[in-house]
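Just so you know, these numbers use all the heavy atoms, side chains as well, and skip hydrogens, waters and symmetry mates. Chain letters run A, B, ... following the sequence lines, proteins first and then strands; every chain starts at 1. As the structure is a computational prediction, the values presented were derived from the model and not from experiment.
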Protein chains: 2
Amino acid sequence: MNAIENSPLARKLMAFVALSAGELAVLERLHQRRRTFAAGRDLVHQGQPEQAAYILSEGWVCSYKIQPDGSRQIVDFQIPGDFLGLRSVLLQASDHSIEPIMQIEAAEVLADDLITAFAETPRLAMAILWAASRDEAMVVEHLVGLGRRDADERMAHFLLELGARLELVGMGSKSGYDCPLTQYHLADALGLSAVHVNRVLRQLREDGLATFRAGKVTFDNYDRLVALAEFDPAYLDQARPFLK
Amino acid sequence: MNAIENSPLARKLMAFVALSAGELAVLERLHQRRRTFAAGRDLVHQGQPEQAAYILSEGWVCSYKIQPDGSRQIVDFQIPGDFLGLRSVLLQASDHSIEPIMQIEAAEVLADDLITAFAETPRLAMAILWAASRDEAMVVEHLVGLGRRDADERMAHFLLELGARLELVGMGSKSGYDCPLTQYHLADALGLSAVHVNRVLRQLREDGLATFRAGKVTFDNYDRLVALAEFDPAYLDQARPFLK
DNA sequence: CGCGCAATTGAGAGCGGTCAAAATTGGTGG
DNA sequence: CCACCAATTTTGACCGCTCTCAATTGCGCG
């Protein structure tokens, strides 16, 4: 039986707080209303008023903004266990779009259900707020990368961050992970051209650091990659369950 | 008498919700514990556990991250009426540093006081969450700029955003505003070198778009500047008090 | 008056962009 | 199983934006 505690979200939250059976039950309740979305069809579109949030249980999505000139900047990717559109539940129109990279499964979460759950289980609320704040820290780190890292470091850092996130939900390790992104996705996320992304990937591969190929990322030399990226996962704050 | 409703924070929040006398009184209570900080002395330092948040009432500060190689990326600036360290009140160690750009005045806000205030006045809580979400949207827009705008557009967009924010608290207009930043601040925020910032500013000045000089920003041609930056202030969400 | 910081300007180099084309891959239907 | 098409990946040539290095100027303050 694949109980709730093996869901990606529960795995992630339990890295932060140990959740009781009761809290897990509340979490499970939030997972009703399962829905499926096709690749490429926007879940949320820039400018729309937003109503519900989602818990992503299968597949990857990306959040992005389109510029007037048509170029796209991906703000971040969400993987299983991540919330979608959490911040905008309470608030105004969405300022960005959300697109599934592949067919995904997500549980719709109504604002009221979330508020009820928070009231019942403060520790669960803490854990979810922790996750939200971690998402924010990732956006900030992304911003820093765009401002202050060159293309190689950016790519290395990106691959490592994604690996660390996936590891937390049991979908990756220090040797690598499955990755459905195209080089265009990488380009739009890293503020590079797709052509240059390709060159950077070749460089990493030829230097024996990492391989991005056929939907798989392989860390050929994890430590040297960390050194290149100056990757310090402190901002991910996933080293310690500190509320036992 | 300079009542609470003329404080920068109240002015800003009232662009979002009309606050009652009672709500304003609660807001005023949060402004006890006034403190002064000198320029250049970090309020919060990267990696420290953080305890309190602040409401900035006078002066400017910047939030930044230092890279291992010593370079600095400024994530955003805070102006009067902004919260400092709000997100990290509930949570772990700060992932960034906060430094006053000049001598500032700020009111320390304890987590408990904030929670009490939220419980008493849900509308005030809504307004503060709106402000927090607006801050996040600004970080995202900043990220987009670093990824997808060239130096001129970036600078133009930055000057316009700051102008719009200052206008909301009564410290700026479409003709310009006082700005205590150095060109090094601009460089660290925009992901450019200080040298290039200088060239970009000269360009804007010579093109008759905007002048940055002697602590003042002057919009010489607001509309053309907006066009260059493709500045769409929708993400600032400050067009409408929609909860009367 | 002189020190230090901020602003300014010039010259040269390089990272990453654009344009263009070819090779590879995966999916689809005959 | 094979042929074909679209999407993705790969590579080369050239260009330009922005960086670095270096020097100079301007300004506020002791």
Inset, instruction - Would you mind telling me which residue lines up with the more 5' stretch of DNA chain C, A:A214 or A:G191, judged by nearest nucleotide? - result: A:G191
How long is the line joining [atom1] of [X] and [atom2] of [N], in whole Å?
{"X": "B:D150", "N": "C:dT18", "atom1": "CG", "atom2": "C1'", "answer": "15 Å"}
{"X": "B:M155", "N": "D:dC17", "atom1": "CE", "atom2": "C1'", "answer": "15 Å"}
{"X": "B:D152", "N": "D:dG16", "atom1": "CG", "atom2": "C1'", "answer": "13 Å"}
{"X": "A:L186", "N": "C:dG17", "atom1": "CG", "atom2": "P", "answer": "13 Å"}
{"X": "B:F212", "N": "C:dA7", "atom1": "CZ", "atom2": "P", "answer": "6 Å"}
{"X": "A:Y184", "N": "D:dA7", "atom1": "OH", "atom2": "P", "answer": "10 Å"}
{"X": "A:L201", "N": "D:dT9", "atom1": "CG", "atom2": "P", "answer": "9 Å"}
{"X": "A:H196", "N": "C:dC15", "atom1": "NE2", "atom2": "P", "answer": "9 Å"}

Inset, instruction - Kindly state whether the ring of B:F77 and the ring of B:F158 have centres lying under 6.0 angstrom apart. - result: yes
Inset, instruction - Answer with base, sugar-phosphate or nothing: what part of the nucleic acid does B:T182 contact at a heavy-atom distance below 4.0 Å? - result: sugar-phosphate
Compare the minimum distances between each of [options] and the side chain of [X], then state the nucleotide with the smallest one.
{"X": "A:A151", "options": "C:dG16, C:dT9, D:dT18", "result": "C:dG16"}
{"X": "A:Q183", "options": "C:dT9, D:dT10, C:dG17", "result": "D:dT10"}
{"X": "A:N198", "options": "C:dG17, D:dC19, D:dT9", "result": "D:dT9"}
{"X": "A:R202", "options": "C:dA7, D:dG12, D:dT9", "result": "D:dG12"}

Legend entry - D:dT18 base / B:R154 side chain donor-acceptor hit below 3.5 Å: no
Inset, instruction - Kindly indicate whether the side chain of B:R199 and the base of D:dT20 share any N or O donor-acceptor pair separated by less than 3.5 Å? - result: yes
Inset, instruction - Sequence neighbours left out, what passes ring-ring contact (aromatic ring centres under 6.0 Å, His included) with B:F83? Give chain and number order. - result: none
For residues 194-206 of chain B, dump all side-chain donor-acceptor pairs below 3.5 Å to protein atoms at least two apart in sequence or in another chain.
unit_1	atom_1	unit_2	atom_2	d
B:N198	ND2	B:Q183	OE1	3.0
B:Q203	NE2	B:D207	OD1	3.4
B:Q203	NE2	B:D207	OD2	3.2

Legend entry - Comparing A:L181 and A:R148 on DNA chain D - which has the more 5′ nearest nucleotide: A:L181
Inset, instruction - Report yes or no: does B:R134 contribute a side-chain atom to a donor-acceptor pair with the main-chain N or O of B:L236 at less than 3.5 Å? - result: yes
Inset, instruction - Nearest 0.5 Å please: distance from the CG atom of A:L160 over to the CD atom of A:E167. - result: 11.0 Å
